[in-house]
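These notes concern the structure reproduced below.
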Amino acid sequence: MLLNFPSLFPMQNDESQPDESQPQPPNPGPSPELVNRYGLVPPDFEAAKTDVQRKTLDQRAQIDELARLRHSCAHILATAVLRLWPDALLDIGPWTEDGFYYDFDLKHRFSPDDFPKIEEEMRKVTKENQVFEKSIKTREEALAYFAGKGQKFKVERLGDIPEGEVISFYQNGEFVDLCAGPHVMRTGNVKPSGIKMLKVASAYFRGNEKNPQLQRLYGTAFKNKEELDKWVTMQEEAKKRDHRKIGAEMGLFAFDAEYVGPGLALWLPKGTVLVEELERLAKETEFQAGYVRVKTPHLAKEKMYKTSGHLPYYADSMFPPMELGELDGEERQQLEAEISNLRAKEAMHSFELSQLHPVNDIARFLSVSDSLKSVRQDLEKPKMPVTRYYLKAMNCPHHHRIFAAEPRSYRDLPLRLAEYGTNYRYEQSGELFGLMRVRALNMNDAHLYCTAEQFAEEFRAVNDMYLKYFKIFGIEKYQMRFSTHDPARLGQKFVNEPELWKKTEDMVRQVLIDSGINYVEVANEAAFYGPKIDVQVWSAIGREFTIATNQVDFAVPARFGLTYRDRDNTDKTPLCIHRAPLGTHERFIGFLIEHYAGNFPLWLAPEQVRVLTLNDDAALVDYAKAITAELRANFVRVEGDYGADPVKAKISDAEHARVHTMLVIGGRDMEAGAVSVRLHGKGNIGAKPKAEAIADILASIRERRA
RNA sequence: GCCGGUGUAGCUCAGUGGUAGAGCAACGGUUUCGUAAACCGUAGGUCGUCGGUUCAAUCCCGACCACCGGCUCCA
């Protein structure tokens, strides 16, 4: 019950982000004797949930100047906090992409009101120009130091340092911290005007929700005030691109937590335009790639998800089932038999009871009376077996049943079933986030059933489809995350098919290399049924999202007993590729809104063209209406604004509504058979013959120009 | 789900222990103008919901709901 090594002291990154590094030997942690000697309370912390890899000392030595500065700031922050709240317990203070943080445990609840005080104290620390002094300690010395101060989180962290790695302390002024560095030379190297405290948050110790929650103070630092101000301005600009803000401004979508429910997006007419344009793009692309479309219901019986393996493991992420009292034939017979059996017993017992004397036959009377009571209770118990239906959280099982609905031959493969399927996932309340994380989502889904021989070609084609889409949308910053299995966990976390794992992973890797794609490989993160590729993108407000996924599945088709008749007249199980290049409408459109800042290309723009007249002169309005009608006849989303308001006001309205193309028409244009073209955000680009302007618009839409 | 914060008109925000305002948007008029905002007027709110304290609550207290910032999670 004391210490259970090494699980209590797993490998863990003590100061920073996960990073690629060499696998580390298991960490021994402090010995139980040591812990005893210093009178520590046996730690009851949970391990980190995912293996986080420590940075090697070499990697630390190579970090850039800014990270060094920020990491030093984390120490300065902790120095200041300890001066203000001496009882604070320390955890860790790494640098991050945007700044730094430090985790504390203390009674006082931090609030942004504390920031001026904290920043002031940090400024003092920089003015004191303390040296960051490094010293090497033995494990025992380090443990004694932190145990003596009651710094229990630090004691835990000590256990993360692998045997053989030096244990170093850094001291600035009175503040001493376990730290592998590196730092700037002196606190005076940090310009106080370049520091800013950002937010207070909470974080579980070691990222495990079973551990205590610490208070995390986020800050950022730059080498001077100018750089800091620049960053602050950029953050403010990014906030204006927030899809939640633009979505409301443009009338794209809405949430109605009161009547519809949290996380359930309503697509307004203008947002629906985006949905349908994306679907059109997907349908065209998939048609050309040889996909066929299917339609499936939004729910299925419990058996479906028992078979697929999603229950009970994913039940928490699914909406609770609907329970129906309907029985099928066999169940009904069973139930009826059971009930008539109970009725018979009831009759028997009551007859016997009526024959017994309550006093003379007291023992028997009581016994029968008890039996009767119990039978009657059983009869009252609504033991009606129910049929459970679940809203589908994924489409694959339905597609598998479509595969199973008809006999399949190798000649039918590859079979590519595509559907914009609606899925329902019961995301935790704190996880909902605008359109990016919702509870009802429309997935650009398809399942490709193929033979092992066809696999590489199919996978390559899917990959090409991703690249095609990225080009259309001008998505340049993305990363493909290739998740593979861990051979040590075959048969546990991953299906025990070592050869298939190796074969498919090799094929996937080769496709990635051949395509010259930017990717990272992460071990141990594959789906249980096969390796996968996730595409990560970064939204304008800096959040990272998985926007698309592509997974290999060589397990679930077998669970459903899917087979095809092969050339040699035997039945074989197909491989399955799950793919969703456009992810879900919700997340993809959320991303596109931020990507384009609401300024969509013409083919996507909810209002593509607005025709504005200079005045409401009848002849002019007729001319304008004819243009509007011609565009509309060609399926252009066009509106007219023919009133008497000043043209400046009309233009302002159209610009604010982010109308892509404005056709401004006055007497001069009418006489010349022309229109003046103005593009949103780009201003007036001059007059053009009417026919030419219309042809341009149609071509831009047809070609889905950027 | 957890920690913290927020909740006033469609939007952005004022405001007070004695039942509420502004600008923009909307609506009705007027305005006939060449590339980002013409003028006048009208209407609009159970101050998130429920409970408590009080003579009196939008304001103070509590619970709940939703949203926001994180954490955890994300098939």
Side-chain angles (χ1 to χ4, degrees), chain A residues 48-50 101 103 109-113 198-218 242 244-245 248-249 251 254-258 261-263 305 308-311 313-318 392-397 423 425-434 436-438 441 443 526-529 532 534 541 543 545-546 549 551 553 556 578 580 587 612-618 620-621 642-657 662-669 676-687:
Chain A
K49 297 183 120 178
T50 50
Y101 65 81
D103 284 349
R109 310 304 300 183
F110 288 128
S111 91
D113 299 338
L198 296 175
K199 53 197 169 195
V200 45
S202 82
Y204 297 104
F205 177 61
R206 278 202 171 117
N208 186 319
E209 78 276 11
K210 299 207 172 61
N211 285 333
Q213 272 192 324
L214 308 176
Q215 298 190 69
R216 176 171 295 179
L217 290 178
Y218 279 97
D242 190 323
R244 293 165 296 187
K245 192 174 159 62
E249 280 168 12
F255 286 95
D256 182 349
E258 191 183 357
Y305 303 107
S308 71
H310 289 105
L311 283 177
Y313 303 108
Y314 298 120
D316 281 353
S317 306
M318 296 173 75
K392 64 177 176 181
M394 66 292 295
N395 304 304
C396 17
N423 295 165
R425 300 181 179 186
Y426 193 77
E427 303 286 0
Q428 297 186 87
S429 62
E431 268 315 316
L432 301 174
F433 179 73
M436 301 293 205
R437 196 79 180 270
V438 290
L441 39 110
M443 194 177 294
F528 74 90
Y529 45 68
K532 65 173 181 176
D534 290 320
I541 39 185
R543 288 202 181 214
F545 289 96
T546 296
T549 186
Q551 309 178 355
D553 183 346
V556 181
H578 308 235
R587 188 171 286 183
L612 318 174
T613 55
L614 242 67
N615 55 55
D616 64 354
D617 172 72
L620 190 63
V621 171
Y642 314 128
D645 287 342
V647 75
K648 273 176 181 260
K650 292 185 182 184
I651 285 170
S652 174
D653 285 350
E655 289 281 357
H656 281 124
M662 288 149 272
L663 300 180
V664 181
I665 297 171
R668 290 207 299 265
D669 302 296
S676 291
V677 180
R678 179 185 172 102
L679 299 180
H680 170 58
K682 300 198 176 95
N684 184 9
I685 59 165

field: Results of salt bridge (charged side-chain N to carboxylate O under 4.0 Å, His left out) for A/Lys245 - residues two or more places apart only
entry: A/Glu249
- prompt: Can you find a donor-acceptor pair, distance only, under 3.5 Å between A/His656 side chain and B/A37 base?
  reply: yes
query: Among all residues two or more places apart in sequence or in another chain, which pass the side-chain hydrogen bond (donor to acceptor under 3.5 Å, both in side chains) test with A/Asp103?
result: A/Arg216
- request: Can you check whether any acceptor in the base of B/G70 is under 3.5 Å from a donor in the side chain of A/Tyr204, or vice versa?
  value: no
Any N/O pairs under 3.5 Å between the protein and nucleotides 9-12 of chain B? List them or say none.
none

query: Partners of A/Gln215 by side-chain hydrogen bond (donor to acceptor under 3.5 Å, both in side chains), sequence neighbours excluded?
result: none
statement: Any stem touching RNA chain B, meaning at least three consecutive Watson-Crick or G-U pairs under 3.5 Å, ordered by first number, would be B:1-7 with B:65-71, B:10-13 with B:21-24, B:26-30 with B:38-42, B:48-52 with B:60-64
query: What pairs with A/Ala201 under side chain to side chain contact (heavy atoms under 4.5 Å, CB included), at least two apart in sequence or on another chain?
result: A/Tyr218
message: Taking salt bridge (charged side-chain N to carboxylate O under 4.0 Å, His left out) as the definition, give me every residue that meets it alongside A/Asp645, ordered by chain and number, with sequence neighbours left out.
response: none
- request: Give a yes or no on whether a donor-acceptor pair under 3.5 Å exists between the nucleobase atoms of B/G34, that is its base, and the side chain of A/Asp669.
  value: yes
- request: Could you tell me whether A/Gly683 contacts a base, only the sugar-phosphate backbone, or nothing, with contacts defined as non-hydrogen atoms closer than 4.0 Å?
  value: nothing
field: Residue list, side chain to side chain contact (heavy atoms under 4.5 Å, CB included) with A/Glu258, at least two apart or on another chain
entry: A/Asp256
message: Can you list everything that forms a salt bridge (charged side-chain N to carboxylate O under 4.0 Å, His left out) with A/Asp669? Sequence neighbours excluded, please.
response: none
- prompt: Who are the side-chain hydrogen bond (donor to acceptor under 3.5 Å, both in side chains) partners of A/Arg425, not counting sequence neighbours?
  reply: none
query: Reckon A/Arg437 touches a base, only the sugar-phosphate, or nothing at all at heavy-atom distances under 4.0 Å?
result: base
query: Which is true for A/Ala527 with a 4.0 Å heavy-atom rule: it touches a base, it touches only sugar-phosphate, or it touches nothing?
result: nothing
Sub-3.5 Å pairs of nitrogen or oxygen atoms, protein against nucleotides 3-6 of chain B:
residue : atom : partner  : partner atom : Å
B/C3    : O4'  : A/Gln213 : OE1          : 2.4
B/C3    : O2'  : A/Arg109 : NH2          : 3.0
B/C3    : O2   : A/Ser202 : OG           : 3.3

Heteroatom pairs (N/O) under 3.5 angstrom, protein to nucleotides 30-32 of chain B:
residue : atom : partner  : partner atom : Å
B/U31   : N3   : A/Asp645 : OD1          : 3.3
B/U32   : O2   : A/Asp616 : N            : 3.0
B/U32   : O2   : A/Asp616 : OD1          : 3.0
B/U32   : N3   : A/Asp616 : OD1          : 2.0
B/U32   : N3   : A/Asp616 : OD2          : 3.2
B/U32   : O4   : A/Asp616 : OD1          : 3.0
B/U32   : O4   : A/Asp616 : OD2          : 2.7

